[in-house]
Amino acid sequence: MYLKSKLSWNVIIPAEILEVGGLMLQKAIIVRLMDEFASKKASKNLGYFMAVTSLEKIGEGKVREHTGDVLFPVEFGCLTFKMLRGEILEGVVDKILKHGVFLRCGPTDKVYLSHQKMADYKYVPGENPIFMNEKMSRIEKDTQVRFIVVGARYVEAEKEFQAVVSLEGDYLGPISQSSV
């Protein structure tokens, strides 16, 4: 789910790039904010950081004693993506294993669909393995699949979310095949 959030971060501008001009300072603060936003990747509470949508306020700078760098409190709006339990989403099959498939959904590729959560689908081995049901519906690489999120967790070390999903429910399953 995409979420709109308001955040307050401190942005540090090194003393050597400080200029007297107000617009250049504002540009330096925005560039630094964007760099920090991109490198942060994700947080447990908000999910993946997708985009800064607005700059609300740049507070008064405070000079740091030993370095001369200036710390500016910045308030901004952003867009985040977080998978929530019970949510219906769509993803693309990335990897097929004997016991299930991995899907890509938004910024994550750690979405696992177990064969136990694909009622009626059976694993068909081969050079390009697939899952197929009796109605000849196929789940293969690059197939778009609608699923329900059973659970999601945040792995702090990797700043990544992992999710377990299911096809158990109405209107869930493959919605388009690969065009290969």
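Predicted model, so just to flag it, every value in this text is computed and none were measured.
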Query - L55 side chain reached by L33 side chain, heavy atoms, under 4.5 Å - result: yes

Query raised in the report: Does any N or O in the side chain of T108 come within less than 3.5 Å of the main-chain N or O of F161, such that one atom is a donor and the other an acceptor?
Result: yes

Query raised in the report: If you take all heavy atoms of S5 and T80, which pair is closest and at what distance?
Result: OG-OG1, 4.1 Å

**Report entry** Crowding at CG, D120 (>12 non-hydrogen neighbours, <6.0 Å)
**Finding:** no

Query raised in the report: Is any side-chain heavy atom of V93 closer than 4.5 Å to a side-chain heavy atom of D142?
Result: no

Report task. Compare every heavy atom of D69 with every heavy atom of P14, then report the nearest pair and how far apart it is. Result -> CA-OD1, 3.3 Å

**Report entry** K41 bridged to E160 by N-O distance under 4.0 Å
**Finding:** yes

Query raised in the report: How long is the span from the NZ atom in K135 to the OH atom in Y121, to the nearest 0.5 Å?
Result: 8.5 Å

**Report entry** Verify same cluster id: L25, V11 (apolar side-chain graph, 4.5 Å)
**Finding:** yes

Report task. With the side chain counted from C-beta on, respond yes when L46 and L7 share a heavy-atom pair under 4.5 Å apart, and no when they do not. Result -> yes

Query raised in the report: So do C105 and M83 actually touch side chain to side chain, heavy atoms under 4.5 Å?
Result: yes

Query raised in the report: When the ring planes of W9 and F76 are compared, do they come out parallel, tilted or perpendicular, using 30° and 60° as the limits?
Result: perpendicular

Report task. Answer yes if the side chains of S43 and Y48 hold a donor-acceptor pair under 3.5 Å, and no otherwise. Result -> no

Query raised in the report: Would you call Y154 and K159 a side-chain contact if the rule is heavy atoms closer than 4.5 Å?
Result: yes

Report task. May I ask you to decide if L84's main-chain N or O and E87's side chain share a donor-acceptor pair within less than 3.5 Å? Result -> yes

Query raised in the report: What is the distance from atom CD1 of I96 to atom CG of N128, rounded to the nearest 0.5 Å?
Result: 8.5 Å

Query raised in the report: Under 3.5 Å, is there a donor-acceptor pair between the side chain of S137 and the main chain of N133?
Result: no

Requested in this report: Drop me the distance from K110's NZ to F102's CZ, to the nearest 0.5 angstrom.
Outcome: 8.5 Å

Report task. Say whether, by atom type as modelled, one donor and one acceptor occur between the side chain of K82 and the main chain of N45 under 3.5 angstrom. Result -> yes

Query - ILVMFWY cluster, I13 and L71 together (side-chain gap under 4.5 Å) - result: no

Query raised in the report: What distance do L113 atom CG and L97 atom CG have between them, rounded to the nearest 0.5 Å?
Result: 11.0 Å

**Report entry** Heavy-atom side-chain proximity of P129 to Y123 below 4.5 angstrom
**Finding:** yes

Requested in this report: Answer yes or no: is there a donor N or O on one side and an acceptor on the other, between the side chain of T53 and the main chain of G77, under 3.5 Å?
Outcome: yes

Query raised in the report: Salt-bridged, R104 to D94, with N to O below 4.0 Å?
Result: yes

Query raised in the report: Can you tell me how far the CD atom of Q116 sits from the CD atom of E168, to the nearest 0.5 Å?
Result: 9.5 Å

Report task. Answer yes or no: is there a side-chain heavy-atom contact under 4.5 Å between M118 and I139? Result -> yes

Query raised in the report: Is there a path from L89 to V145 through hydrophobic residues (I, L, V, M, F, W, Y) whose side chains come within less than 4.5 Å of each other?
Result: yes

**Report entry** Rounded distance [0.5 Å steps], CZ in F72 versus CD in Q26
**Finding:** 10.5 Å

Query raised in the report: Does the pair K6/E56 count as a salt bridge with the N-to-O cut at 4.0 Å?
Result: yes

Query raised in the report: Can you check whether I12's main-chain N or O pairs, donor with acceptor, with R32's side chain at less than 3.5 Å?
Result: yes

Requested in this report: Flag the pair F147 / I88 as yes when at least one side-chain heavy-atom distance between them is below 4.5 Å, and no otherwise.
Outcome: no

**Report entry** Hphob cluster co-occupancy, V164 + M1, side-chain heavy atoms under 4.5 angstrom
**Finding:** no

Report summary line: Exactly one candidate in V165, T143, V92 meets side-chain contact (heavy atoms from CB on, under 4.5 Å) with L103; the answer is V165

Query raised in the report: Are I29 and V52 linked, directly or through other ILVMFWY residues, by side chains that come within less than 4.5 angstrom of each other?
Result: yes

